[in-house]
2 protein chains.
Amino acid sequence: MTRPAKRATSVDVARAAGVSQTTVSFVLNNKPGQTIPEETRRRVLEAAKRLDYRPHASARALAAGRSDIVLFSMPYLPISVSAGRFAEEFATALAGHGLTMVAHLAGVHGRSLADVCASVDASALVGLEEFAPDTVSALRRVGVAAVFSLGGGSAVPDRLIGRLQAEHLISRGHRRLGYALPGQRAPRRMATERLLGMEEACTDAGCAPPAALTVDLLTTDAARAVAEWQAQSVTAVAAYNDETALAVLAGARARNLTVPGELAVIGVDDIPTATLAVPPLTTIAFDLSHAARHAAEAVAAALRGGEAQQPELASRPHVVERDSA
Amino acid sequence: MTRPAKRATSVDVARAAGVSQTTVSFVLNNKPGQTIPEETRRRVLEAAKRLDYRPHASARALAAGRSDIVLFSMPYLPISVSAGRFAEEFATALAGHGLTMVAHLAGVHGRSLADVCASVDASALVGLEEFAPDTVSALRRVGVAAVFSLGGGSAVPDRLIGRLQAEHLISRGHRRLGYALPGQRAPRRMATERLLGMEEACTDAGCAPPAALTVDLLTTDAARAVAEWQAQSVTAVAAYNDETALAVLAGARARNLTVPGELAVIGVDDIPTATLAVPPLTTIAFDLSHAARHAAEAVAAALRGGEAQQPELASRPHVVERDSA
DNA sequence: ATGAAAGCGCTAACAG
DNA sequence: CTGTTAGCGCTTTCAT
């Protein structure tokens, strides 16, 4: 089943094109500061294509001193629809920068993040949560040049999102708000950031701070939370994301509350199923793929030694009004 | 932020231990057929630890001719709870064999599977679906030594699972069965395999073949499917997995059918939320982590050149009776 | 504008 | 039992 079949090397290409290996390297990598005549470049490219040449990643990484691999630290599964989409879009955006994203799953035992980075010779690590200081130093020791934790608001304007949710609810006349935090396993950082934005908005409007409760993606758990909110006379709740909001909706129905009459609900993400809920879910939409491109840009910049690019304003998140709030 | 900090190399270890680089390589890789005195081995190990030595993956791969990286081709997100757990357990099991699993997400554009494999210098690729023939040859060309598609029944006894579902339903007196296939984006192979098992059981019992319908994870879509089943006088349905079964449950409720009275439902996987459904979901349980270890073992064997090990009988899947069927 | 040559860090014959 | 010696395939000065 295993037919080695000798891969073509850059020497082969050089020979086929009648140039030196150096030249091949120059044209294939588009080395700046080199003056390669069009004719030569064409010959090399043509030979490479003809031989179906693929540079050997390990050899390249060894010689260059760093790979083009970015390891994405995936949160515990299952993840939200938009976290998944973010990862996909992020990988796509990185590919545009010549970088290859590959994921490591939290929930894998017997291999630390540093182990994995070392094994794949990653030059960057990106995660949704903050990494522990000693994890970071371990990473540096294995040669990871850049470590990014998104979710502090660097990729998505979390603070603003929370604020928008609160403002929408308050504009609808609600004064006593609730906040639905995601279940235990979910990334906490973005959630607390959004909650913070909500708290700010409440303060600004002179409302009491929101009653934050963790709600798992189970009708039973959501019903419990809804009951607690009722006890605190909460009339509207903002959820960390649409999945959680959907759970709240289900919890409200289980407790026979009308939505938005007795309890208004607003989510975040505008996932496809939000429109299909009963009632359709009011939510906050924002350009996820833009956030992903933004993050990819930052990683690429860090890797090429340059500093982060300018903020490049994200399309502002906005409320998508439907019937739940 | 980027502090290179010169990593220790095997030469450093050799020097520190007062031996040659070769010896270091031998003891660190536990090279068979070598007789290293305990004392020397100890010195090397100690020096390595003291210097916090980590072999450079790229260098190792370049010299050895192959890496210890296994790329897992993740299905389109979101995936089922158990597909996720499988991936995690699989990675864990591979780690036990000294292999590092890393995932590539379907849904990433601008990078083919072969591209990614080449970029990370993977020596094996594992997926849940069959790979297209030309994909496989492209993979071979970039040096991937082993390509595995689980989901044909090689990791999980899908056929048997379908059969068990049908037999359970039939034993409950049902003669007209329905089958709920997963939504479009889900891996199809395992589903068709399970459906096949179910068909066999129906034939054996002299029942009509099951009415298979695709149902998305939406109450509305499930309600539609339930209506179709009703029209065909189906009294019991087996679902591809618990998530789908849960959707069917919701669909039945939406159509005001009692479960299991008017419609019996059985899932597969025994995910945590199965017990929390109303009524609690009857399902098929099996040892997922065993399946993962089994698959890991096969990959490790293929990579070390040996052939697959003996079947190593999996713990038989079995019905977990609850109230939905 | 192009090539020669020196490694990157590690493995693996092959000697001794 | 251990060290010497070649590379693995590519990048990158430094000459030419």
Side-chain angles (χ1 to χ4, degrees), chain A residues 4 6-44 47-48 51-68 98 118-119 121 123 141-143, chain B residues 4 6-44 47-48 51-69 98 118-119 121 123 141-143 145 304-305:
Chain A
K6 215 80 204 80
R7 260 212 270 180
T9 74
S10 80
V11 175
D12 297 328
V13 176
R15 189 162 26 224
V19 299
S20 82
Q21 192 191 13
T22 311
T23 303
V24 172
S25 176
F26 284 167
V27 355
L28 259 33
N29 294 329
N30 239 294
K31 255 279 157 188
Q34 296 296 324
T35 349
I36 310 279
E38 207 34 62
E39 165 60 9
T40 307
R41 143 179 262 86
R42 204 193 49 63
R43 280 220 315 282
V44 172
L51 297 183
D52 190 28
Y53 169 72
R54 303 293 218 114
H56 189 97
S58 295
R60 185 213 268 275
L62 178 57
R66 58 194 185 55
S67 73
D68 59 0
S119 296
D121 199 5
S123 43
R141 271 200 303 280
V142 299
Chain B
K6 213 87 204 79
R7 259 211 271 180
T9 74
S10 81
V11 175
D12 297 328
V13 176
R15 188 163 26 226
V19 299
S20 82
Q21 192 191 14
T22 310
T23 303
V24 172
S25 175
F26 283 166
V27 356
L28 259 32
N29 294 328
N30 239 293
K31 255 280 156 186
Q34 297 297 324
T35 351
I36 309 280
E38 208 33 61
E39 164 61 8
T40 306
R41 143 180 261 87
R42 203 192 49 63
R43 280 221 313 282
V44 172
L51 298 182
D52 189 30
Y53 169 72
R54 302 296 216 111
H56 189 98
S58 295
R60 186 214 268 274
L62 178 57
R66 58 196 182 56
S67 72
D68 60 358
I69 294 180
S119 296
D121 200 5
S123 42
R141 271 199 303 279
V142 297
R304 96 172 70 86

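Every chain is numbered from 1, with letters handed out A, B, ... down the list of sequences. Just so you know, these numbers come straight off a predicted model, no measurement behind them. All heavy atoms count here, side chains included; hydrogens, waters and symmetry mates do not.
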Check: Pick the nucleotide of DNA chain D nearest each of B:Ala64 and B:Ser20; which residue has the one closer to the 5' end?
Finding: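 Comparing both residues, the 5'-ward one is B:Ser20.
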Next item on the list: Report the residue (A:Ser58 or B:Val19) whose heavy-atom-nearest nucleotide on DNA chain D is the more 5′ of the two.
Entry: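 It is B:Val19, whose closest nucleotide lies nearer the 5' terminus.
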Next item on the list: Verify whether one side chain among A:Ser58 and B:Asp121 offers a donor that lies under 3.5 Å from an acceptor in the other.
Entry: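 Their side chains do contain a donor-acceptor pair, which is all the 3.5 Å distance test asks for.
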Next item on the list: Tell me, with the steps shown, if A:Thr40 and A:Val27 meet side chain to side chain contact (heavy atoms under 4.5 Å, CB included).
Entry: CA-CA 9 Å; A:Thr40 307; A:Val27 355; 5.5 Å; no
[X] side-chain proximity, nearest of [options]:
X	options	answer
A:Pro37	D:dC10, C:dA1, C:dC10	C:dA1
A:Ile36	D:dT2, D:dG9, C:dT2	C:dT2
A:Thr9	D:dC1, C:dT11, D:dG9	D:dG9
B:Ser10	C:dG3, C:dC10, C:dC8	C:dC10

Mind calculating the distance between [atom1] ([X]) and [atom2] ([N]) to the nearest angstrom?
X	N	atom1	atom2	value
A:Phe26	D:dG9	CZ	P	21 Å
B:Arg66	C:dT11	CZ	P	12 Å
A:Arg43	C:dA1	CZ	C1'	12 Å
B:Leu51	C:dG9	CG	P	14 Å
B:Asn29	C:dT11	CG	C1'	8 Å
A:Asp121	C:dG9	CG	C1'	11 Å
B:Leu62	D:dG9	CG	C1'	6 Å
B:Gln21	C:dG9	CD	P	10 Å

Is there a donor-acceptor pair under 3.5 Å between the side chain of [X] and the backbone N or O of [Y]?
X	Y	answer
A:Arg66	A:Ser123	no
A:Arg43	A:Ala17	yes
B:Arg7	A:Val142	yes

Note to self: Mind checking if A:Thr22 touches a base, just sugar-phosphate, or nothing, with heavy atoms under 4.0 Å?
What the structure shows: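 Base contact.
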Notebook entry, point to check: If you look at every strand shown and take non-hydrogen atoms under 4.0 Å, does A:Ser25 touch a base, only sugar-phosphate, or nothing?
Noted result: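 Contact class for A:Ser25: base.
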Notebook entry, point to check: So does B:Arg60 get a side-chain nitrogen or oxygen closer than 4.0 Å to the phosphate oxygens (OP1/OP2) of C:dT11?
Noted result: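 True: B:Arg60 side-chain N/O within range (under 4.0 Å) of C:dT11 OP1/OP2.
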Next item on the list: Please check the phosphate of D:dT2 (OP1 and OP2 only) for any side-chain N or O of B:Thr23 closer than 4.0 Å.
Entry: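 Answer no for this pair, as no side-chain N or O of B:Thr23 is under 4.0 Å from OP1 or OP2.
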